[in-house]
Amino acid sequence: MAQSIFDRTALLLGDEAMYRMANARVLLFGVGGVGSWCAEALVRSGISNLTIVDMDDVSITNINRQLLATTASVGRVKVEVMKERLLLINPDANITAIHNVYNEETASMFNLSEYDYVIDAIDSLKDKALLILNATKEKGIKFFSSMGAALKMDPTQISVAEFWDAKGCPLARALRKKFKQSKTYPARDFKCVYSPELLDNASVSDEVCDYKAQINGSMAHITGTFGFTLAGLVLQDIYKKATSSTKGE
């Protein structure tokens, strides 16, 4: 079955790229507004070894922007819902769902060096900063990060840049400030998905969140574009390596 699922992808990318995608090991932190779409795109494209990490349950307020959120999934563990969906796409995929959070207490549980790609779709500033610092220490992995996807409407402003060059994004600015204040910096450059667009909330939310000072509005076409772009960075890297390998033969 797997071969027929990916026939159209193989037509474009070739057998070497498909082989590499099937064998790549990918670790994704966060399967919310950005991460859920990223996971979907990865598995639909041929990534077969994917570990997804998230602590949250599906909330009614997730439905407007998260792939896995429906009225039927409200209250369920996000990673479990996501895993079920991914296995419906490719039953042969190796999907590991970890119902946990990445922070100072749990970081030692995750051996980042076991993976070829680590993707950050974490909301919490503190936890995101920790993952960035730890992931960039690992020389053998490719690391990609999502900056803030809230308060945006225009998908044409979404871009990819090196972290220090991502201008106009409050989350990127807050991370850079945190690194400078602590005098602890990422060990190497890494690419991130961001947008300089910044709108104001039209109203105030009474929703409570432990890791955010304020709840901001967000839209599916923006979170989806962020997630697809993150997946695209992984897929492009694999394709480039496959192409280089084939040319070198």
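Heads up: numbering here begins at 1 and tracks the sequence. Here the structure is a predicted model, which means the values were calculated and not measured.
Nearest approach of S195 to F226, heavy atoms of both residues: N-CZ, 3.9 Å. Taking every heavy atom of both residues into account, I141 and S113 meet most closely at CG2-CA, 4.4 Å. Closest non-hydrogen pair, A107 versus L130, comes out as CB-CD2, 4.2 Å. Smallest separation of non-hydrogen atoms from S36 and M82: O-CE, 3.7 Å. Minimum heavy-atom separation, T61 to N64: O-OD1, 3.3 Å. Considering all non-hydrogen atoms of both residues, R188 and E138 come closest at NH2-O, 2.6 Å.
Cluster membership check: L88 does not share its hydrophobic cluster with V79, using side-chain heavy-atom separations under 4.5 Å among Ile, Leu, Val, Met, Phe, Trp and Tyr. Residues Y102 and M109 are members of one and the same hydrophobic cluster, defined by side-chain heavy-atom contacts under 4.5 angstrom among Ile, Leu, Val, Met, Phe, Trp and Tyr. Criterion: ILVMFWY side-chain heavy atoms under 4.5 Å apart, direct or through other members. Under it, M147 and F179 are part of a common hydrophobic cluster. Both F228 and M21 sit in one connected hydrophobic cluster of ILVMFWY residues. Membership requires side-chain heavy atoms under 4.5 Å apart, directly or through other members. Put simply, F163 and L112 are part of the same group of oily side chains (I, L, V, M, F, W, Y) that touch within less than 4.5 Å, one to the next.
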Exercise. Begin from the C-alpha positions of K137 and I132 and carry the test side chain to side chain contact (heavy atoms under 4.5 Å, CB included) through to its verdict.
Key: CA-CA 9 Å; K137 291 176 185 175; I132 289 172; over 6 Å; no

Exercise. Tell me, with the steps shown, if I119 and L42 meet side chain to side chain contact (heavy atoms under 4.5 Å, CB included).
Key: CA-CA 11 Å; I119 305 170; L42 290 171; 3.9 Å; yes

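Under the side-chain hydrogen bond (donor to acceptor under 3.5 Å, both in side chains) criterion, R76 pairs with E84, sequence neighbours left out. Checked against salt bridge (charged side-chain N to carboxylate O under 4.0 Å, His left out), K83 has no partners two or more places apart in sequence or in another chain. Applying the side-chain hydrogen bond (donor to acceptor under 3.5 Å, both in side chains) criterion to T184, with sequence neighbours excluded, gives no partner residue. For A10, the side-chain contact (heavy atoms from CB on, under 4.5 Å) partners are M18, not counting sequence neighbours. Evaluation of the side-chain hydrogen bond (donor to acceptor under 3.5 Å, both in side chains) rule for N103 yields T106 as partners, not counting sequence neighbours. The salt bridge (charged side-chain N to carboxylate O under 4.0 Å, His left out) check on K128 picks up D120, with sequence neighbours excluded. Scored by the side-chain contact (heavy atoms from CB on, under 4.5 Å) test, A166 finds A172, R176, C192, Y194 as partners (sequence neighbours excluded). Under the rule for a side-chain hydrogen bond (donor to acceptor under 3.5 Å, both in side chains), Y239 has no partner lying at least two apart in sequence or in another chain.
The number of heavy atoms from other shown groups lying within 6.0 Å of CG (N111) is above 12.
At least one side-chain heavy atom of L199 sits under 4.5 Å from a side-chain heavy atom of M153. The closest side-chain heavy-atom distance from V77 to D54 is not below 4.5 Å. Side-chain contact between M219 and K152: absent, with no pair of heavy atoms (C-beta onward) separated by less than 4.5 Å. A 4.5 Å side-chain heavy-atom check between V74 and S59 finds every atom pair outside the cut-off. Looking at heavy atoms from C-beta onward, K191 lies out of side-chain contact with K142 at the 4.5 angstrom threshold. Within the 4.5 Å cutoff, side-chain heavy atoms of I47 are placed close to those of I238. T96 has its side chain out of reach of I52: every pair of non-hydrogen atoms, C-beta onward, lies at least 4.5 Å apart. By the 4.5 Å heavy-atom criterion applied to side chains, L131 and D127 are not counted as neighbours.
The CG atom of L50 sits 13.5 Å away from the OH atom of Y117 when rounded to the nearest 0.5 Å. The CG atom of N90 lies 11.5 Å from the OG atom of S45; values are rounded to the nearest 0.5 Å. Separating the CD1 atom in I63 from the CG atom in L67 is a distance of 12.5 Å, to the nearest 0.5 Å. Taking NZ of K178 as the start and CG of L133 as the end, the distance is 9.0 Å to the nearest 0.5 Å. Here the straight-line distance linking atom OG1 of T229 with atom CG of L235 works out to 11.0 Å at 0.5 Å rounding. Atom CG of residue L86 and atom CD1 of residue I95 lie 5.0 Å apart, to the nearest 0.5 angstrom.
Using a distance-only test at 3.5 Å, with no hydrogens or angles considered, no donor-acceptor pair links the side chain of N62 to the main chain of A69. Using a distance-only test at 3.5 Å, with no hydrogens or angles considered, no donor-acceptor pair links the side chain of N49 to the main chain of N94. Looking at Q236, its side chain does come within 3.5 Å of a backbone N or O of G232 through a donor-acceptor pair. A donor-acceptor pair is defined here as one N or O able to donate and one able to accept, closer than 3.5 Å; such a pair exists between the side chain of W37 and the backbone of R65. At least one donor-acceptor pair under 3.5 Å links the side chain of T223 to the backbone N or O of G33.
A side chain to side chain contact (heavy atoms under 4.5 Å, CB included) with F110 is found for exactly one of V53, T51, N134, namely V53.
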Under 3.5 Å, side-chain donor or acceptor atoms of residues 22-30 against the rest of the protein: list the pairs with distances, not counting sequence neighbours.
{"from": "N23", "atom 1": "ND2", "to": "Y19", "atom 2": "O", "distance (Å)": "2.7"}
{"from": "R25", "atom 1": "NE", "to": "E114", "atom 2": "O", "distance (Å)": "3.3"}
{"from": "R25", "atom 1": "NE", "to": "D116", "atom 2": "OD2", "distance (Å)": "3.2"}
{"from": "R25", "atom 1": "NH1", "to": "E114", "atom 2": "O", "distance (Å)": "2.9"}
{"from": "R25", "atom 1": "NH2", "to": "D116", "atom 2": "OD1", "distance (Å)": "3.0"}

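The hydrophobic cluster around L198 extends to L151, counting ILVMFWY residues whose side-chain heavy atoms fall within less than 4.5 Å of a member.
Sorted by first then second residue, the side-chain hydrogen bond (donor to acceptor under 3.5 Å, both in side chains) pairs that include residues 157-174, not counting sequence neighbours, are D154-Q157. Listed by first then second residue, pairs satisfying ring-ring contact (aromatic ring centres under 6.0 Å, His included) with a partner in residues 125-151 read F143-F190, not counting sequence neighbours.
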